[in-house]
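Here the structure is laid out as structure tokens; the discussion comes afterwards.
For clarity, every value in this text was computed on a predicted model and none was experimentally measured.
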Amino acid sequence: MATPGGSVRETSQWPQLSKFIASACAATIAELVTFPLDLTKTRLQIQGEAGVGKGSKHVASQPGHRGMLRTAVGIVQEEGPLKLWQGVTPAIYRHIVYSGGRMLAYEQLRESVLGRSKDGSFPVWKAVVGGLLSGALGQFLASPADLVKVQMQMEGRRQLEGKSPRVRGVHHAFVKIASEGGVRALWAGWVPNVQRAALVNLGDLTTYDSVKHFLLRNTMLKDNCLCHGLASTCSGLVAATMGTPADVVKTRIMNQPRDSNGRGLLYKSSVDCLIQTVKGEGFLSLYKGFLPTWLRMAPWSMTFWLSFEQIRRAVGINTF
């Protein structure tokens, strides 16, 4: 039932479960629609990486530096169009855990822990804290799926370089990583992963929440698709700007080869990766893949938030 403010009165007997399912469904839709841009971004971030391909007799067959469009076209021509969705299964697994977890955590922080102001608003500083904490928590839980996703995304390029495949599928990837390095290996790269997620979530969730309710309080807009679309457009841009440097570091740490003990051979830590990347390729290398990241985050954010808000309405939960 609609309330005067345009939201929907909660009628579900299991509101937390319903919110989790709504988040997971909306994230799955957004992931399927925009995943080719995520794959392109990952390939761009690995280009020029120190140590990749060195000493291999297949160096000459490696693709050279490419831009976003040439990278995407190259994947289609050299590996086939379906390879644009290579790694989408663990990506969906990751978002079920990550998006479901971060949305539940943020709403709990907003409504109970941090609390709204007396006028019903949620101050920006509280939204920032809530965005950082909920993003970090959600990504820590989802880090193993993200690790598998990155490795599967790089399998096509490994084949072009004449290297043997590391994994045969999602299940095999999880088992292989855990058997070679123990359960802790599934959280390889979790520090830059969580750092990135906290920043992206700060940009995405905090911006969306703040912009949406600013528009509702200060304009004639109602709680509808137009308001949701404007807020999600802002959130996608802020999230891409804040998250790309940490995303580059995360991708490189997750993709690096490892010794028998699970230790990385190229980078000692996220800080070491950051320093090596800037020294070897310049500061702007931290924004490799920014364009596809933004071009992906913009439609991803819009698809997610529009789907999320409508799914919540459909199951009888207040809009976000």
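Ring orientation note: the planes of F140 and W190 are nearly perpendicular, at an angle over 60° on the 30°/60° scale. Using the six-membered ring where Trp is involved, F283 and Y287 have ring planes that are tilted, between 30° and 60° apart.
Once rounded to the nearest 0.5 Å, the distance linking CG of L104 with CG of L109 reads 11.0 Å. Here OH of Y98 is found 9.5 Å from CG of N193. Values are rounded to the nearest 0.5 Å. Taken to the nearest 0.5 Å, the CE atom of M302 stands 7.5 Å off from the CG atom of L230. Put simply, CD on E78 and OG1 on T71 are 9.5 Å apart, with the number rounded to the nearest 0.5 Å. Atom NE2 of residue H228 and atom CG of residue L215 lie 10.0 Å apart, to the nearest 0.5 angstrom. With values rounded to the nearest 0.5 angstrom, T219 atom OG1 is found 6.5 Å from L216 atom CG.
Minimum interatomic distance between S301 and G236 (heavy atoms only, all atoms of both residues): OG-N, 3.9 Å. Closest of all the heavy-atom pairs between C25 and I311 is CB-CD1, 3.9 Å. Nearest heavy-atom pair, S134 versus L205, reported as atom, atom and distance to 0.1 Å: OG-CD1, 4.3 Å. Closest of all the heavy-atom pairs between A127 and T206 is O-OG1, 2.9 Å. Shown here for T244 and F290, the closest heavy-atom pair between the two residues is OG1-CD1, 3.5 Å. The nearest pair of heavy atoms linking K126 to L114 is NZ-O, 3.0 Å.
Taking 4.0 Å as the cut-off between side-chain N and carboxylate O, K19 and E111 do not count as a salt-bridged pair.
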(message) Determine whether R252 and E281 satisfy the following criterion, salt bridge (Lys or Arg N to Asp or Glu O under 4.0 Å), listing intermediate values before the conclusion.
(response) CA-CA 13 Å; R252 293 189 170 199; E281 303 166 54; 2.7 Å; yes

(request) Take I29 and F304 through the test side chain to side chain contact (heavy atoms under 4.5 Å, CB included) and record every step on the way to the result. (result) CA-CA 7 Å; I29 294 170; F304 173 79; over 6 Å; no

(request) Before giving the answer on side chain to side chain contact (heavy atoms under 4.5 Å, CB included), spell out for Q86 and I75 the whole-Å C-alpha distance, their side-chain angles and the decisive distance to 0.1 Å. (result) CA-CA 11 Å; Q86 186 167 30; I75 293 171; over 6 Å; no

(message) Please evaluate residues W300 and H95 with respect to the criterion side chain to side chain contact (heavy atoms under 4.5 Å, CB included), reporting the C-alpha separation (whole Å), side-chain torsions for both, the decisive distance (0.1 Å), and the verdict.
(response) CA-CA 12 Å; W300 195 99; H95 262 291; 3.2 Å; yes

(request) Verify side chain to side chain contact (heavy atoms under 4.5 Å, CB included) between L133 and L137, making sure each step is shown before the conclusion. (result) CA-CA 6 Å; L133 292 177; L137 174 62; over 6 Å; no

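Hydrophobic clustering of Ile, Leu, Val, Met, Phe, Trp and Tyr side chains at less than 4.5 Å, counting indirect connections, keeps L199 apart from V129. Cluster membership check: V175 does not share its hydrophobic cluster with L147, using side-chain heavy-atom separations under 4.5 Å among Ile, Leu, Val, Met, Phe, Trp and Tyr. The same ILVMFWY cluster, assembled from side-chain heavy atoms under 4.5 Å apart, contains both L284 and L295. The hydrophobic cluster containing W125 also contains Y208, counting ILVMFWY residues as joined when their side-chain heavy atoms lie under 4.5 angstrom apart, directly or transitively. Cluster annotation: I275 and L286 are assigned to distinct hydrophobic clusters (Ile/Leu/Val/Met/Phe/Trp/Tyr, side-chain heavy-atom contacts under 4.5 Å, transitive).
Residues S117 and F122 have side chains not in contact (no heavy-atom distance under 4.5 Å, counting atoms from C-beta outward). Inter-residue side-chain proximity for Y267 and Q256 is flagged as met; some heavy-atom pair is nearer than 4.5 Å. Taking 4.5 Å as the limit, every side-chain heavy atom of Q276 sits out of range of all side-chain heavy atoms of K279. Side chains of L306 and Q310 form no contact here, defined as non-hydrogen atoms less than 4.5 Å apart. Contact of the K212 side chain with the C227 side chain is registered, since non-hydrogen atoms from C-beta on lie closer than 4.5 Å. Put simply, the side chain of V211 does not reach to within 4.5 Å of the side chain of F214, judged on heavy atoms. At a threshold of 4.5 Å between non-hydrogen side-chain atoms, the residues N201 and Q139 do not count as touching. Side-chain contact between V238 and L202 is absent, with no heavy-atom pair separated by less than 4.5 Å.
A donor-acceptor contact shorter than 3.5 Å links the side chain of T34 to the backbone of A30. W187 contributes no side-chain N or O that, together with a main-chain N or O of S143, makes up a donor-acceptor pair within less than 3.5 Å. Remark: side-chain polar atoms of E309 are paired, donor with acceptor, to backbone N or O of F320 under 3.5 angstrom. Checking side-chain atoms of S232 against main-chain N and O of G229 turns up a donor-acceptor pair under 3.5 Å.
Partners of Q195 under the side-chain hydrogen bond (donor to acceptor under 3.5 Å, both in side chains) rule, at least two apart in sequence or in another chain, do not exist in this structure.
Side-chain rings of H171 and F174 stay apart, their centers remaining 6.0 Å or farther from each other.
Seen from the ring of F308, R102 does not count as a face-on cation partner, given the 6.0 Å and 45° thresholds.
Between D209 and Y106, the side chains place a donor N or O and an acceptor N or O closer than 3.5 Å (distance only, hydrogens not considered).
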